[in-house]
Amino acid sequence: MTLSLRLGVNIDHVATVRNARGGAHPDPVAAALAAIEAGADGITAHIREDRRHIRDEDMWRLRAEISVPLNMEMAATPEMVAMACALRPHAACLVPERRAELTTEGGLDAAGQAESLRPAVDQLLAAGIRVSLFIDPSPRQLEAAANLRAPVVELHTGRYAEGVAGELERLAEAARLAHRLGVECHAGHGLTYANVGQVAALSEIAELNIGHFLVGQAIFDGLPATVRKMKSLMIQARAG
Ligand code: PXP
């Protein structure tokens, strides 16, 4: 059982705003530093094939400048695996990627694509990177992740965030199964002040990764206050 719960702040959409004007402001690395100062336990950045938000130089600057674990979200492509092996972030979270999607719409099919994922997982583990697989909360996907020897899974909370009936129970069961399989359990996608509590209360979950809501809410309250409030909601929910 995990007693502490970490907050990973995803800073992709700071880069989205920066890229809208092509300059350097707002700087995602400065946002990461502000989030850390406010209590973020880790920083997540998704470098996509099309570089629509985070760019290569952002990853290298994050690696050099932040003092907390860096989680590189990435597709399991040879290009990205090579970059991760050179960059050596603390963790790499493998996600499915489709060019036309607005965000990561579903989990990886770790069960159906185990053999194509295996070389990427093995290469990243051999480079000393903690591999996480972003999967839907299903027993089949969890067992496949464990068979691939991924030390971490991240459960996709998108359907829960959309209010789909039964999703909280699926997340709870998946978190318990991850614990039984000896796989560290993270969760994320679509989490907000309003819905974070029930997920944070699941004691087998060690980390929540949250991005879009935090960056959006920061427009009203500022990033440090937003990160502080999210973290305190998580801690309160975990404490019961
Ligand atoms: N975790 C993963 C693996 C993701 O792909 C994303 C979205 O980039 C998140 C967490 C964060 O989701 P959101 O931006 O909706 O908080």
Side-chain angles (χ1 to χ4, degrees), residues 5-17 19 28 31-32 35 40-54 58-59 62 69-76 80 84 89-99 101-110 117 120 124 129-137 141 145 150 152-164 167 171 174-175 178 183-197 199-200 205-219 223 226-227 229-231 233-234:
L5 177 62
R6 299 188 300 269
L7 170 61
V9 172
N10 178 317
I11 44 125
D12 293 351
H13 296 305
V14 177
T16 303
V17 176
N19 296 357
D41 302 290
I43 295 295
T44 294
H46 183 179
I47 178 154
R48 284 180 167 266
E49 185 194 11
D50 62 10
R51 309 300 197 268
R52 72 173 71 157
H53 36 58
I54 294 293
D58 297 324
M59 294 305 304
L62 285 167
L70 173 62
N71 178 28
M72 174 175 172
E73 238 186 78
M74 53 180 265
M80 286 301 159
H90 169 78
C93 179
L94 299 183
V95 301
E97 224 179 75
R98 284 182 292 275
R99 257 181 187 260
E101 69 188 357
L102 290 177
T103 181
T104 314
E105 285 162 2
L108 265 186
D109 183 9
L117 287 168
L124 292 165
I129 299 165
R130 202 161 161 75
V131 176
S132 164
L133 301 184
F134 188 44
I135 57 172
D136 290 330
Q141 297 298 343
V152 183
V153 291
E154 181 165 329
L155 302 177
H156 197 308
T157 52
R159 283 165 58 85
Y160 159 77
E162 286 165 11
V164 176
E167 281 301 309
L171 288 168
V183 178
E184 185 172 306
C185 189
H186 301 176
H189 208 280
L191 296 177
T192 66
Y193 289 160
N195 65 21
V196 76
V199 179
I205 293 183
E207 179 175 308
L208 298 180
N209 282 303
I210 309 180
H212 184 266
F213 176 82
L214 293 175
V215 174
Q217 191 63 25
I219 292 169
L223 188 60
T226 307
V227 169
K229 178 161 175 185
M230 183 61 83
K231 183 109 185 257
L233 290 172
M234 286 166 50

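For ligands, and for the atoms within them, numbers begin at 1 and follow the listed sequence.
The aromatic rings of Phe213 and Tyr193 sit perpendicular, their planes meeting at an angle over 60°, well past the 30° parallel limit.
Considering both main-chain and side-chain atoms, Asn209 never comes within under 3.5 Å of ligand 1 through any nitrogen or oxygen pair. Residue Gly211 has at least one N or O atom closer than 3.5 Å to an N or O atom of ligand 1. The shortest N or O to N or O distance between Gly190 and ligand 1 is below 3.5 Å.
With a heavy-atom cut-off of 4.0 Å, His13 does not touch ligand 1 at all.
Looking only at atom types and distance, the side chain of Thr44 has no donor-acceptor partner in the side chain of Asn10 under 3.5 Å away. In the model, Glu73 has no side-chain atom that pairs as donor or acceptor with a side-chain atom of Asn71 under 3.5 Å. For the 3.5 Å distance criterion, the side chains of Glu97 and His46 qualify, holding a donor opposite an acceptor.
A salt bridge between Glu184 and Arg6 is present, with a side-chain N of the basic residue lying under 4.0 Å from a carboxylate O of the acidic one. Residues Asp50 and Arg48 are not paired through a salt bridge, judged by the lack of any N-O separation under 4.0 Å between the basic side chain and the carboxylate.
Asp109 has its side chain within reach of Gln141: a pair of non-hydrogen atoms, C-beta onward, lies under 4.5 Å apart.
Scanning Glu73, His46, Glu97 for the heavy atom closest to atom 6 (C) of ligand 1 points to Glu73.
Every atom of ligand 1 is numbered from 1 in the order shown, and the set under 4.0 Å from a heavy atom of His212 is 13 (P), 14 (O), 16 (O). Counting the atoms of ligand 1 from 1 in the order shown, those under 4.0 Å from a heavy atom of Asn10 are 8 (O). Under a 4.0 Å criterion applied to the non-hydrogen atoms of Val95, ligand 1 contributes the atoms 3 (C).
Put simply, part of Phe134 is less than 4.0 Å from ligand 1, judged by heavy atoms.
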